[in-house]
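For reference, the structure is listed below as structure tokens.
A, B, ... follow the sequence lines: proteins, then strands. Residue 1 opens every chain.
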2 protein chains.
Amino acid sequence: MFSETPPSIKPSGAPSVAKRVSIKDIARLACVSHSTVSRALRESPLVNPDTAEKIRRIAADNGFRASAVARSLATSRTNTIGVVVTSIEDPFVAEVVSGIEDEAIAHDYSVFLANCHADPQREMKVVQSFEDRRVDGIVVTASRVGALYASVLEQMHIPIVLLNNQHPSQFAHSILIENFEASRAAVAHLIRLGHSRIAYIGDRFGYGSDSERFSGYRSALDEADIAFRPNYVLHGDGKAEAGRVAMEKLLAVRPAPTAVFCYNDMTALGARQAIRARGLGVPDDISLVGFDDLALACYMDPPLTTVRQPKHRMGQMAMQVLLKLIAGEDAEQNVRVAGELIVRESTAPPKENSECNYSSARKTRSRKSMVSSSSRS
Amino acid sequence: MFSETPPSIKPSGAPSVAKRVSIKDIARLACVSHSTVSRALRESPLVNPDTAEKIRRIAADNGFRASAVARSLATSRTNTIGVVVTSIEDPFVAEVVSGIEDEAIAHDYSVFLANCHADPQREMKVVQSFEDRRVDGIVVTASRVGALYASVLEQMHIPIVLLNNQHPSQFAHSILIENFEASRAAVAHLIRLGHSRIAYIGDRFGYGSDSERFSGYRSALDEADIAFRPNYVLHGDGKAEAGRVAMEKLLAVRPAPTAVFCYNDMTALGARQAIRARGLGVPDDISLVGFDDLALACYMDPPLTTVRQPKHRMGQMAMQVLLKLIAGEDAEQNVRVAGELIVRESTAPPKENSECNYSSARKTRSRKSMVSSSSRS
DNA sequence: AATTTGGTTGCACACGTGTTCAGTGAGACC
DNA sequence: GGTCTCACTGAACACGTGTGCAACCAAATT
């Protein structure tokens, strides 16, 4: 009508992307200032309801979506958080992240995810990038670094929440599972079943959660007046393969343990494989207890007795604490959540005759040579 | 010296956050304009090396980090991509995301992660939020929606890559596993072992990857002149529980199948449990094949024969295609990647005497009553 | 009728960075 | 010595949105 549209010349090769419509375009179409558009779209009471409605209609018709980037610059809030994890492939981590993300999206936050693969250098790098992107907060899950943060956290003007971090820091808030109580309960369960030769396969030596779980183990032993045997304690790395290797070593110790408490379910999964490879049964020859209650725990053979961590819930809690901190409210420095012992079928009373060796242990050349059949009634 | 610092009055309750230093602050300290600072920090050849060095030093000393938000607004590039997944708790998805993230970070991109829990409404919502945030590109992994995208994708000015999407779209690029060839190879493997009564537990009926894998299954059967039995085909939902339920039904079919090809490893995991609950053995009574080669596949009992998808690699490829598209280059519309049959111990020749019933099947009241011992040499 | 009030609106600036363009000064060349 | 060139720098604007403040108008009040 008013202006001729010049013949649009598309640059060859480039896709025909219509220029992104901005708030000013809408303002022009609605014959108002961009301020009014801004107010109308944000439901401000300062604009006439009729014009507001008209503006909203025009905006919708033109598929206008306000740029979160520009808004962030203006408001200095990004509605964005950063989550740094050791590895998203770790099922424990994945569930926690899921909880964080659910809670975040419910509050209109988006989450940046970054793996650091337990590499301190990369961990610092991603935290840097989060800071560059002006995230409103950061959650660090199961970091093996932690200590490094101390110096950074001081300078950081962003609230941080650590979840099951190996090295809790006084500069940050934390969500923590009650390692001590939970593992003591797990080991007490084994003792109640009649076990006294109980081994422990831990995480890497020196990590916070490992030493806490180890303390719970020791405490349960002490309480039952069971002598502690140093050679019943081995260290893995929280993954299945290391659990398998540790279990193999454990099977050579004499007198042989009749039960094994594992740092986590993945370790137990590896241990289970080593036990089976020796032709032994769970729980008939060895009782097995894990920690985490991963989804796969109840699909193991037999279903694994373990300590449940409310992983999804813990992720939500971390986000909730973070939201409080972002809002400037104060929150509890360390939230400790209780674990729950889930008794399944990998634990049973020890065999009467298993004095110091496994009765049914046989040297098997090939794992293929095993088959399940029933023998116990 | 020049100005007295007024006694700093911290607002009570608020943390003592030093005001964020901006490029102008650095400019003031270095006695240059902010333009020069900008150029110096971006290693522009337009600034004198000495002043550049001086500026960089001052910036570093003051812990200055340029705001990615402001930069994004100025350059209209965010160096950010969005990844939407059904559920990050799915191990397959987790590995893919890990690959995406690794490749992204290597190119200085950050990734937004969003679960949609297979809820179309939420899926649209997160894609919206990605658009609002002006991500440079989007990867959609294993979406069960897909079809809905058609209308959105048309309007979207953002490149999108779909990975193993159930409903490929002409509007987007895709990374796809060779479902047909891989499943045909898996079933052919069973046939080579001597099986002819082979069942299939699929994903939800109608999904793209399910029908492709089913086609491969049928093709292998046809090629070997094995009659197709409709009652050997059941549908789950790609998760363990559904696999268990489907397998239970399958165990009641007569003549009973001697081998089962599962849509994925999780389904196989559930099927394994159902088989064990009936007191049957794998592979002695039933051979089992999965798909995906999850990390847990080799820790199953017995280790699972399955089709490996290069999940991490596929994630990287998706990111690479996306980077090309972002750069304005064109990329192959559909990249198909080959699966690889990994033969482990869950497959073996069928028993000679298993004519139409399981010889060793026993009614077991409790799964606890099973123990492994070796019987076959 | 003059003044006040209250509801709407637009102007102008801010947010922090990138980038074009017009200088500015020093050295080189004629 | 004058001019040209080149290296470098700063002013000004752009990016798209939010917001304080002033202005405007109509209705209500004095």
Side-chain angles (χ1 to χ4, degrees), chain A residues 17-56 58-59 62-80 108 129 131-136 157, chain B residues 17-56 58-59 62-80 108 129 131-136 157:
Chain A
V17 286
K19 168 106 175 50
R20 185 139 230 153
V21 335
S22 85
I23 202 173
K24 288 180 189 169
D25 299 321
I26 304 301
R28 200 174 309 119
L29 291 173
C31 299
V32 293
S33 72
H34 82 273
S35 319
T36 305
V37 176
S38 171
R39 283 189 271 256
L41 296 181
R42 296 171 61 72
E43 319 256 329
S44 161
L46 290 180
V47 342
N48 182 297
D50 293 341
T51 41
E53 182 51 37
K54 173 181 150 202
I55 291 173
R56 278 193 285 267
I58 295 180
N62 292 70
F64 170 71
R65 305 239 84 210
S67 161
V69 175
R71 174 176 301 150
S72 297
L73 184 59
T75 61
S76 65
R77 295 255 282 89
T78 55
N79 265 39
T80 276
D108 272 313
S129 96
E131 212 186 348
D132 291 353
R133 297 193 180 281
R134 301 295 188 264
V135 297
D136 295 334
H157 352 40
Chain B
V17 287
K19 168 107 176 49
R20 187 139 229 155
V21 335
S22 86
I23 203 173
K24 289 180 189 171
D25 299 320
I26 304 301
R28 201 173 308 120
L29 291 173
C31 300
V32 293
S33 72
H34 82 271
S35 319
T36 305
V37 176
S38 171
R39 283 189 273 254
L41 297 180
R42 297 172 62 73
E43 318 256 330
S44 161
L46 290 180
V47 348
N48 182 299
D50 292 341
T51 40
E53 181 52 35
K54 174 181 148 200
I55 290 172
R56 279 194 285 267
I58 294 181
N62 292 69
F64 170 72
R65 306 239 85 210
S67 160
V69 175
R71 173 176 301 150
S72 296
L73 183 59
T75 60
S76 65
R77 295 257 279 86
T78 56
N79 266 40
T80 276
D108 273 312
S129 95
E131 211 185 349
D132 290 352
R133 297 193 179 282
R134 302 295 189 263
V135 297
D136 295 335
H157 353 40

When Ala74(B) and Leu46(A) are each assigned the nearest nucleotide of DNA chain D, the 5'-most assignment goes to Ala74(B)
Pro49(B) or Thr75(A): which one's nearest nucleotide on DNA chain D is closer to the 5' end? Pro49(B)
Could you tell me the separation between the [atom1] atom of [X] and the [atom2] atom of [Y], rounded to the nearest 0.5 Å?
{"X": "Leu73(B)", "Y": "Ser67(A)", "atom1": "CG", "atom2": "OG", "answer": "6.5 Å"}
{"X": "Asn62(B)", "Y": "Ser22(B)", "atom1": "CG", "atom2": "OG", "answer": "11.0 Å"}
{"X": "Arg133(B)", "Y": "Thr78(A)", "atom1": "CZ", "atom2": "OG1", "answer": "7.0 Å"}

Could you check how far [atom1] of [X] sits from [atom2] of [N], rounded to whole Å?
{"X": "Leu41(A)", "N": "dT19(D)", "atom1": "CG", "atom2": "P", "answer": "13 Å"}
{"X": "Asn48(A)", "N": "dC25(D)", "atom1": "CG", "atom2": "C1'", "answer": "13 Å"}
{"X": "Arg77(A)", "N": "dT17(D)", "atom1": "CZ", "atom2": "P", "answer": "18 Å"}
{"X": "Ile55(B)", "N": "dT9(D)", "atom1": "CD1", "atom2": "C1'", "answer": "10 Å"}
{"X": "Asp25(A)", "N": "dA14(D)", "atom1": "CG", "atom2": "C1'", "answer": "15 Å"}
{"X": "Glu43(A)", "N": "dG18(D)", "atom1": "CD", "atom2": "C1'", "answer": "16 Å"}

Base, sugar-phosphate, or nothing: which does [X] touch, judged by heavy atoms less than 4.0 Å apart?
{"X": "Val32(B)", "result": "sugar-phosphate"}
{"X": "Thr51(A)", "result": "sugar-phosphate"}
{"X": "Ser35(A)", "result": "base"}
{"X": "Arg42(A)", "result": "sugar-phosphate"}
{"X": "Ser67(B)", "result": "sugar-phosphate"}

Contacted region of DNA chain C by chain B, from 5' end to 3' end of the hits, cut-off under 4.0 Å to heavy atoms, spans dG16(C) to dT20(C)
What donor-acceptor contacts under 3.5 angstrom involve side-chain atoms of residues 27-42 of chain A, with partners at least two apart or in another chain?
unit_1	atom_1	unit_2	atom_2	d
Arg28(A)	NH1	Asp25(A)	OD1	3.2
Ser33(A)	OG	Ser35(A)	N	3.4
Ser33(A)	OG	Thr36(A)	N	3.4
Ser33(A)	OG	Thr36(A)	OG1	3.3

Determine: side-chain N/O of Ser38(A) to OP1/OP2 of dG18(D), distance under 4.0 Å, yes or no. yes
Determine whether Glu43(A) and Arg56(A) make a side-chain contact, defined as any pair of heavy atoms from C-beta on separated by less than 4.5 Å. yes
Any donor-acceptor N/O pair, Asn48(A) side chain to Asp50(A) backbone, under 3.5 Å: yes
For Ile58(B) and Ile26(B), the nearest pair of non-hydrogen atoms, with its separation, is CG2-CG2, 4.3 Å
